[in-house]
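Predicted model only: the values in this text are computed from it and were never measured. Side chains included, hydrogens not; waters and symmetry mates left out as well; all remaining heavy atoms used. Below, chains carry the letters A, B, ... as their sequence lines are ordered, and counting in each starts from 1.
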There are 2 protein chains.
Amino acid sequence: MEVSNKQVIYRDYITGFPKETDLVLNTSTISLKVPEESNGVLVKNLYLSCDPYMRILMRKVPDNNLFTCYIPGSPITGFGVARVLDSRHPNFKEGDLVWGTTAWEEYSLITTPETLIKIEHTDVPLSYYTGILSMPGMTAYAGFYELCSPRKGECVFISSAFGTVGQIVGQFAKLTGCYVVGSAGSKEKVDLLKNKLGFDAAFNYKEEHDLDAALKRYCPDGIDIYFDNVGGKMLDAVLLNMRPRGRIAACGMVSQYNLEEPEGVKNLIQVIYKQIRIEGLVVFNYYHLYPKFLDMILPHIREGKIVYFEEINEGLESGPAALIKLLSGRNVGKQVVVVARE
Amino acid sequence: MEVSNKQVIYRDYITGFPKETDLVLNTSTISLKVPEESNGVLVKNLYLSCDPYMRILMRKVPDNNLFTCYIPGSPITGFGVARVLDSRHPNFKEGDLVWGTTAWEEYSLITTPETLIKIEHTDVPLSYYTGILSMPGMTAYAGFYELCSPRKGECVFISSAFGTVGQIVGQFAKLTGCYVVGSAGSKEKVDLLKNKLGFDAAFNYKEEHDLDAALKRYCPDGIDIYFDNVGGKMLDAVLLNMRPRGRIAACGMVSQYNLEEPEGVKNLIQVIYKQIRIEGLVVFNYYHLYPKFLDMILPHIREGKIVYFEEINEGLESGPAALIKLLSGRNVGKQVVVVARE
């Protein structure tokens with residue numbers, strides 16, 4: 001039996017800033033049974049995650065080795081939370097809740113279910129498994145603890161600090177006893193960083209004509225750890241302000257994603273002068289740490305020691321608007337699309 | 001009693017490519033006794049080292065936190081081998097041979113003798129203590145073994161591979177069982193890399209219009225380790241050819257030293273996609289490993305398992321020509337200036 005299946009379709013390759021009209025709604029049909037020849041799972045999508053890396057998948061010329069770029073005419077893919085309706089894979093059974101890569105549609109046949117992770121703890125909001133408890137949370141955890149070697153008293157600077165990853169890194173850094181500074185793109189986000197997330201300082205990068213001068217003002221003794229979500233000009237300014245043996249976790253370069261030709265980073269010689277370590281993060285390399293991560297973060301969430309902001313759009317129809325909002329930085333908190341609350 | 005003291009004087013700040021006439025010979029006088037109020041040493045300089053980093057010290061606006069830039073009207077400084085003629089420091093006595101930072105002159109009063117290292121092994125040429133057995137050798141050793149985590153079978157690419165550091169790194173990599181590829185700036189150097197230093201492949205970067213294509217040809221399976229002595233365009237091309245979890249030791253950026261405004265490096269997003277680690281090397285942070293380094297390298301040198309090329313200029317008068325030759329890449333082998341053979 002086939003049912004109707006609303007989808008968000010990727011229209012065509014995008015150059016420059018993506019627009020809502022680059023994504024179109026479509027209604028298809030789907031069988032709610034896994035085909036006999038498959039060992040996949042059939043899921044009902046509940047929550048979809050909007051993440052900056054999705055812009056990278058809209059390129060005509062793929063420049064990454066991690067993800068398959070979006071195919072014009074097909075639904076976009078991303079992380080999400082889903083309920084298993086049918087399974088031919090031994091790890092999953094009907095009724096399981098999972099998070100992992102799915103498509104932007106009501107129901108999906110997932111043919112690589114080994115990439116899905118079963119959700120065991122449901123005393124926290126399910127939507128958290130699009131953010132703080134899934135890939136972005138693991139990015140913050142692995143990026144900060146595994147790549148940055150943080151020590152108490154060090155100065156940590158985070159760009160895109162009110163982004164999903166930034167929010168969490170900042171709170172990890174405070175738990176470690178660091179001095180934490182963040183940049184964000186609006187006064188509202190800056191206020192939230194300082195007043196709700198415990199950042200020691202924060203600034204609106206859009207109001208700073210001289211990023212080097214801003215960093216010298218907010219991090220007067222220099223930066224020990226830079227958690228980089230943006231790349232480009234901010235990275236260049238940070239390099240001038242790193243302390244000897246500073247560490248940079250390269251987790252995202254969102255300032256470059258809409259450019260056809262990336263900006264050049266000019267101050268790399270500082271990497272030598274100060275023995276700086278820059279390391280990229282492929283979060284999938286750290287998924288074996290997920291149980292340890294949950295053991296650490298769930299109590300903090302339950303006790304309110306780590307707070308978390310979400311911005312929820314209701315309905316798959318609101319998906320294109322939600323994703324474009326995220327990609328242009330207008331959301332305040334983790335951007336989630338609710339497909340169904342069951 | 002004062003004696004005559006020939007010196008190589010830095011005339012004025014240099015923009016663009018340095019020329020011989022930027023350095024002038026002068027004759028001063030010096031007392032061969034350490035003043036009573038000093039705890040320094042008075043040395044007779046024997047061999048002076050020409051090193052690429054010296055170009056950085058000719059800048060008007062210092063951009064580094066490691067060295068004091070040259071002062072117009074004063075002798076230039078650099079690494080050298082010297083004989084102690086008088087000492088008021090407990091670590092050194094008359095007759096000791098030392099290597100470390102000295103000035104380009106016949107005799108020098110060194111007021112920070114704690115930076116000098118005593119030479120204990122004199123069965124190898126003394127001039128080796130300007131290169132393979134001093135700062136450049138330690139740069140190769142720490143950069144390769146401490147920063148690059150090399151494993152047998154990995155592909156190692158070295159730029160400026162016939163430079164003092166490059167020569168040694170390449171041979172360390174061969175000893176480790178790596179596949180070793182080098183770039184250099186002349187056919188002569190490329191031939192020496194392949195025929196005398198055991199490199200598996202080498203190319204003349206000046207003959208390659210497309211560095212990305214060249215790297216794909218010489219390192220078809222990608223690069224696990226890049227030992228970077230040049231920065232700039234080569235670094236950008238290497239980033240496109242790194243393998244997942246590749247490591248880059250940032251040891252020099254000689255392609256940038258004559259530029260007022262550095263070139264931008266555009267492909268840093270690959271650092272994320274491939275979880276690349278870039279780490280700068282401040283060799284002084286590894287000087288505690290010097291005895292271990294000597295224990296390792298001296299037997300290899302004595303047994304001829306590590307070979308080493310030098311280019312010797314005789315006489316302090318030839319110093320300006322030797323240094324300019326090094327800074328323009330025309331030397332073939334470690335560039336040394338002999339001040340005195342005692």
Side-chain angles (χ1 to χ4, degrees), chain A residues 52-53 56 59 62-67 139 142-143 146-147 222 228-233 235-236 239-240 242-257 259-286, chain B residues 52-53 56 59 62-67 139 142-143 146-147 222 228-233 235-236 239-240 242-257 259-286:
Chain A
Y53 81 90
I56 298 171
R59 289 183 175 279
D63 66 343
N64 89 91
N65 54 317
L66 294 173
F67 301 98
T139 298
E146 300 291 315
L147 265 52
D228 188 8
N229 293 305
V230 304
K233 291 186 176 66
L235 174 56
D236 240 345
L239 285 167
L240 298 173
M242 290 297 285
R243 286 169 56 82
R245 301 206 93 147
R247 292 131 267 151
I248 297 177
C251 288
M253 296 202 174
V254 70
S255 71
Q256 306 298 298
Y257 296 165
L259 307 177
E260 285 305 283
E261 169 91 348
E263 294 175 307
V265 171
K266 297 191 170 177
N267 295 321
L268 283 175
I269 190 109
Q270 298 298 326
V271 168
I272 302 183
Y273 295 156
K274 295 172 186 160
Q275 183 140 355
I276 295 167
R277 188 178 75 209
I278 304 179
E279 189 162 357
L281 180 71
V282 173
V283 65
F284 314 121
N285 291 340
Y286 296 90
Chain B
Y53 82 90
I56 298 171
R59 288 183 176 279
D63 67 342
N64 90 90
N65 55 315
L66 294 173
F67 300 98
T139 298
E146 299 292 314
L147 264 53
D228 188 7
N229 293 306
V230 304
K233 291 186 176 66
L235 174 57
D236 240 345
L239 285 166
L240 297 173
M242 289 298 286
R243 285 169 57 81
R245 302 206 93 151
R247 291 131 269 151
I248 298 177
C251 288
M253 297 202 173
V254 70
S255 72
Q256 306 298 298
Y257 295 166
L259 307 176
E260 284 305 283
E261 171 91 347
E263 294 177 306
V265 170
K266 296 191 171 178
N267 296 321
L268 283 175
I269 190 110
Q270 299 298 327
V271 168
I272 302 182
Y273 294 157
K274 295 173 186 159
Q275 184 142 352
I276 294 167
R277 189 178 74 209
I278 304 179
E279 189 163 356
L281 179 71
V282 173
V283 65
F284 314 121
N285 291 340
Y286 296 90

Spacing of A/I56 atom CD1 and A/Y257 atom OH [to the nearest 0.5 Å]: 4.0 Å
Proximal component of B/I269, with respect to chain A [non-hydrogen, under 4.5 Å]: both
Contacting moiety of B/F284, where chain A heavy atoms sit under 4.5 Å: neither
Residue among A/N267, A/L240, A/V282, A/L147 with most heavy-atom pairs under 4.5 Å to chain B: A/V282
Which portion of B/I248 sits near chain A, non-hydrogen atoms under 4.5 angstrom: neither
Chain B contact via A/L66 - side chain, backbone, both or neither, heavy atoms under 4.5 Å: side chain
Separation between CG of A/N285 and CD of B/Q275, rounded to the nearest 0.5 Å: 5.0 Å
Pairs of heavy atoms under 4.5 Å with chain B: top-ranked of A/I272, A/V271, A/L281: A/I272
Nearest non-hydrogen partners of A/V265 and A/G232, listed with the distance: CG2-O, 4.1 Å
Residue selection (most heavy-atom pairs with chain A, distance under 4.5 Å) from B/Q256, B/E261, B/R247: B/E261
Any side-chain heavy-atom pair of B/D228 and B/I278 under 4.5 Å: no
Proximal component of B/L235, with respect to chain A [non-hydrogen, under 4.5 Å]: side chain
Parallel, tilted or perpendicular: rings of A/F67 and A/Y53 (30°, 60°): parallel
Side chain B/N229, main chain B/G252, donor-acceptor under 3.5 Å: no
Atom group of B/E263 that falls short of 4.5 Å from chain A, counting heavy atoms: backbone
A/D63 versus chain B, the contacting section by heavy-atom distance below 4.5 Å: both
Value rounded to 0.5 Å, distance of CZ in A/R245 from NZ in A/K274: 15.0 Å
